Amino acid sequence: SILIMQYILSSIGAHGTQERTLIAVKPDGVQKRLVGEIIKRFEQRGFKLVGMKLLQASEELLAKHYHDLKTKSFYSSLIDYMSSGPVVAMVWEGSNVVKTSRAMVGETNPLDARPGTIRGDFSVDICRNVIHASDSVDGAQREIGLWFQSNELVDWESCLHSNTYQ
Ligand SMILES: Nc1ncnc2c1ncn2[C@@H]1O[C@H](COP(=O)(O)OP(=O)(O)OP(=O)(O)O)[C@@H](O)[C@H]1O
Ligand SMILES: Nc1nc2c(ncn2[C@@H]2O[C@H](COP(=O)(O)OP(=O)(O)O)[C@@H](O)[C@H]2O)c(=O)[nH]1
Ligand SMILES: [Mg+2]
C-alpha cells in the first residue's frame, strides 16, 4: 500500500512530499576542483538537483547559517574559512535525501569519516572538510530559505514520469 500511495502521489506530481536538503561545496572543495565529483555522486545516487549557484557567502549569511555554533571556540575561524572563497550551494531533492546525504558526506571530522564518504575520500582536516549538508529536515528548510529565494528553485520532472531515476 505504500507503493500504491507513492504511485498516486507521483502521478499527481506531488512535489511537496519530496524531501529537500541544502548541500554546499565549501571554499576548499571549490579550490580542490571537487564540484563536479560531488555533483556526480548526488546524481548517480538518484537525487534531483533543483537549485544551484556559485557565490561568495557574506558574513551575515554565514552568521545565520551557523547560528547554533556561535558560542563555539572555533566559530570565528569557521566564518573566516567559509568566507575565504566561493561556495557552490545546491538544493537536492529525493526520498530521505537529508539523512542519505549526511551518510554520503561522512563524519564532521574527516579523520573519523569512512573511506567512500566525501569527507573520508577528500579531506583530513576538520577546518577544511569540503562540504556542508543539512543535518535535519527542519534544518534543511531553514537553510534553504537562507541561501535561496523561492524563484531560484526549479520544479522539474523526468519525462518518463516515473521513479526510473529515483
Ligand atoms: N572541532 C572543530 N575544529 C575545527 N572546525 C570544526 C570543528 N568542528 C566543526 N568544525 C567546522 O565547523 C563546521 C560545522 O560543524 P558542525 O558540527 O555543524 O559539523 P557538520 O554538521 O558536520 O558540518 P556542516 O554543518 O558544515 O555540514 C564543520 O563542518 C567544520 O568545518
Ligand atoms: N575548527 C572547528 N570547526 C568545527 C568544529 N566542529 C564543527 N566545525 C565546523 O563547523 C561545521 C559545521 O558544524 P556542524 O554543523 O556541527 O557539522 P557538520 O554538519 O558535519 O558540518 C563543520 O562542518 C566544520 O567545518 C570544531 O570542533 N572545530
Ligand atoms: Mg552542521
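Just so it is clear, the structure is predicted and the values come from calculations on it, not from any experiment. Numbering of ligands and ligand atoms starts at 1, following listing order.
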Nearest neighbour in protein (non-hydrogen) for [atom]:
atom                    : value
atom 9 (C) of ligand 2  : L78 CD1, 3.7 Å
atom 13 (C) of ligand 1 : L78 CD1, 3.7 Å
atom 23 (O) of ligand 1 : R119 NH2, 3.1 Å
atom 15 (O) of ligand 1 : L69 CD1, 3.7 Å
atom 22 (O) of ligand 1 : T108 OG1, 2.4 Å
atom 8 (N) of ligand 1  : I126 CD1, 3.1 Å
atom 28 (C) of ligand 1 : N129 ND2, 3.4 Å
atom 25 (O) of ligand 1 : H132 ND1, 3.0 Å

Which atoms of ligand 2 have any heavy atom of [X] under 4.0 Å away?
X    : result
C127 : 1 (N)
T108 : 7 (C), 17 (O), 18 (P), 20 (O), 22 (C)
N129 : 22 (C), 23 (O), 24 (C), 25 (O)
R102 : 18 (P), 19 (O), 20 (O)

For D135 and ligand 1, answer yes if some heavy atom of the residue is under 4.0 Å from a ligand atom, otherwise no.
no
Return yes when K26 approaches ligand 1 closer than 4.0 angstrom through a heavy atom, no otherwise.
yes
Before you tell me yes or no, could you show the steps for S95 and E19 under side-chain contact (heavy atoms from CB on, under 4.5 Å), namely the whole-Å CA-CA distance, both residues' side-chain angles and the distance that decides it to 0.1 Å?
CA-CA 6 Å; S95 301; E19 205 170 282; over 6 Å; no
Rounded to the nearest 0.5 Å, how far apart are CG of N129 and NZ of K26?
3.5 Å
By side chain to side chain donor-acceptor pair (under 3.5 Å) - contacts of E59 (at least two apart):
none
Polar contact flag for K26 and ligand 2 (N/O pairs, less than 3.5 Å):
yes
Check whether any N or O atom of R119, backbone or side chain, sits under 3.5 Å from an N or O atom of ligand 2, and answer yes or no.
yes
Any Lys/Arg nitrogen of R142 or D68 sitting under 4.0 Å from an Asp/Glu carboxylate oxygen of the other?
no
Heavy-atom distances under 4.0 Å are what count here, so tell me which part of R102 touches ligand 1: side chain, backbone, both or neither.
side chain
Applying a heavy-atom cut-off of 4.0 Å, say which part of A133 lies close to ligand 1: side chain, backbone, both or neither.
backbone
Give the intermediate values and the outcome of salt bridge (Lys or Arg N to Asp or Glu O under 4.0 Å) for residues D155 and R20.
CA-CA 12 Å; D155 253 326; R20 289 179 170 181; 3.3 Å; yes
Face-on cation placement of K53 at F148 ring, 6.0 Å and 45° thresholds:
yes
Taking the non-hydrogen atoms of E107, is any one of them nearer than 4.0 angstrom to ligand 2?
no
Less than 4.0 Å is my threshold; does some heavy atom of L69 fall inside it relative to ligand 2?
yes
Is V130 linked to I126 within one hydrophobic cluster, defined over Ile, Leu, Val, Met, Phe, Trp and Tyr using a side-chain heavy-atom separation of less than 4.5 Å?
no
Test W92 against V50 for side-chain contact (heavy atoms from CB on, under 4.5 Å), laying out the working first.
CA-CA 6 Å; W92 287 88; V50 296; over 6 Å; no
Nearest heavy atom to atom 1 (N) of ligand 2, choosing from Y75, F74, Y66, belongs to F74
